[in-house]
Amino acid sequence: MDRRVYASVIVMGQMRVTTFNLAHTVESAQPLTFFGDERGDGKGMTYTHKNSMIEVVQKGSLLDYRAYGNIKGPELRNEVIMRFGLGDDMARIYKSIATDAFMKKAIDSYSGLRITRNDPWETALCFVISQFNNVKRIRGIVKGLVASYGEEHSFLAGGAQLRFRSFPTPESLAERSTDDLMRHGVGFRARYIKKLARECSESFDLKRIEGEDYSKAKEELMSLDGVGDKVADCILLFGYGRLEAFPTDTWIKRIVEHVYFKGRKRSIREIHEFAEERWGGYAGYAQQYLFHNARINKLGKVLR
DNA sequence: ACCCAGGCGGGCG
DNA sequence: CGCCCGCATGGG
């Protein structure tokens, strides 16, 4: 494994934020939950972006950020704004989706939770691993893959040496055997991961998805092995910022059935139709508040 | 010992 | 289409 060593290159800045809550955002099972590192008090975190390590700390309405790596100030600022969805107009979004008491309460409880924007490949890998799995284990598996297959970087920061590994590339995973991957606890997902890595490094251009409309993009993502309806929506929401995507997992299905259909069973397709009709272009935000609220309060068991 | 976890692919009627 | 099954693994 080659290693890159750089001299101290630290860029930092600060910005004012409103209706933003770093802890809720990072704890709501988005990609940053899986590959980022939250600070003990929940007010700060670090994550890797390309070949840089970025640290973000929230102090009320101020967001401090700094990076170790080859990234310039303006680019870093844009990265932070993009990553944490700080360009989203929350007043407008809340007004649009808070049309009932249940949603109002979820928004009130977790105000400032944002949809993060992440690299499509990184998002795809995280959510292929997420299937039939739990958040804690997903996190462990993703971090294990980063630790084993990510390129190592080293910086001198205030006399101390800071080391981290960037997110593994499709190429780096494509060349591993499924047995290698299995050793990281990925289980039956090993062949999905290997095929995904190979396709993304050889034939499937994740970039081209950007220009396509929602259903076409989803259809193409679902052509990947191990990417079904739910994972495709996660990739579209967290990897491409398609806020109309409504990932429908078991939690969301139960919650929607309980709150909006008097407990009657609905198919995934019916739930999608309902979400589009009710929440339209911001269905992804509605989904994230429903999901986080349900998971934190363990509503899954209550509704079963 | 069980049960479940941000599902998916394949096979069947 | 809808339904059912198996699937690796570790924590509660």
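Closest approach to the F132(A) side chain among dG7(B), dG11(C), dT9(C) is made by dG7(B) (side chain taken as heavy atoms from C-beta onward).
Counting non-hydrogen atoms of neighbouring residues, nucleotides and ligands closer than 6.0 angstrom, the NZ atom of K253(A) exceeds 12 such neighbours.
Taking side-chain N and O atoms only, T250(A) has a distance below 4.0 Å to OP1 or OP2 of dG7(B). Residue R189(A) has no polar side-chain atom (N or O) positioned under 4.0 Å from OP1 or OP2 of dG6(C).
We find that the ring of Y192(A) and the base of dC8(B) do not stack by the test of centres under 5.5 angstrom and planes tilted less than 30°. Both thresholds, 5.5 Å between centres and 30° between ring planes, are not jointly met by F188(A) relative to the base of dA8(C), so the two rings are not stacked.
Remark on DNA chain B: of its neighbouring residues N133(A) and D225(A), the 5'-side contact belongs to N133(A), judged by nearest-heavy-atom nucleotide. Map G226(A) and C234(A) each onto its nearest nucleotide of DNA chain B; the residue landing nearer the 5' end is C234(A). Take the nearest nucleotide of DNA chain C for Q131(A) and for S267(A): the residue whose nucleotide is more 5' is S267(A).
L224(A) comes within 4.0 angstrom of the backbone, heavy atoms only, and of no base. Counting non-hydrogen atoms under 4.0 angstrom, V186(A) reaches nothing in the nucleic acid. Residue V128(A) is classed as having no contact, given no heavy-atom separation below 4.0 Å to the nucleic acid. Among the heavy atoms of the strands, none lies under 4.0 Å from T33(A). Residue contacts shown for T248(A) are absent, as no nucleic acid heavy atom lies under 4.0 Å away. Q288(A) comes within 4.0 angstrom of a nucleotide base, judged by non-hydrogen atoms across all strands.
Atom pair I296(A):CD1 and dA5(B):P shows a separation of 15 Å (rounding to whole Å applied). Between the CG atom of D229(A) and the C1' atom of dG10(B) there is a distance of 17 Å, rounded to whole Å. For L221(A) and dG9(B), the CG to P distance is 12 Å, given to the nearest whole Å. Between the C1' atom of dG10(B) and the CE atom of M222(A) lies a distance of 14 Å, rounded to the nearest Å. Distance, F127(A) CZ to dG7(B) C1': 13 Å, rounded to whole Å. Put simply, CD1 on I271(A) is 15 Å from C1' on dG2(C), counting in whole angstrom units.
Annotation: F274(A) is in aromatic contact with W279(A) [ring centroid separation under 6.0 Å].
Rounded to the nearest Å, the gap between the P atom of dG11(C) and that of dC8(B) is 24 Å.
Looking at K195(A) and D225(A), a side-chain N of the basic residue comes within less than 4.0 Å of a carboxylate O on the acidic one, giving a salt bridge.
With D64(A) as the partner, the salt bridge (Lys or Arg N to Asp or Glu O under 4.0 Å) test is satisfied by one option alone out of K59(A), K43(A), R16(A): K59(A).
The aromatic rings of F20(A) and F84(A) sit perpendicular to each other, their planes meeting at more than 60°, with 30° as the lower class boundary.
For Y285(A) and R114(A), the side-chain atoms include no donor-acceptor pair closer than 3.5 Å.
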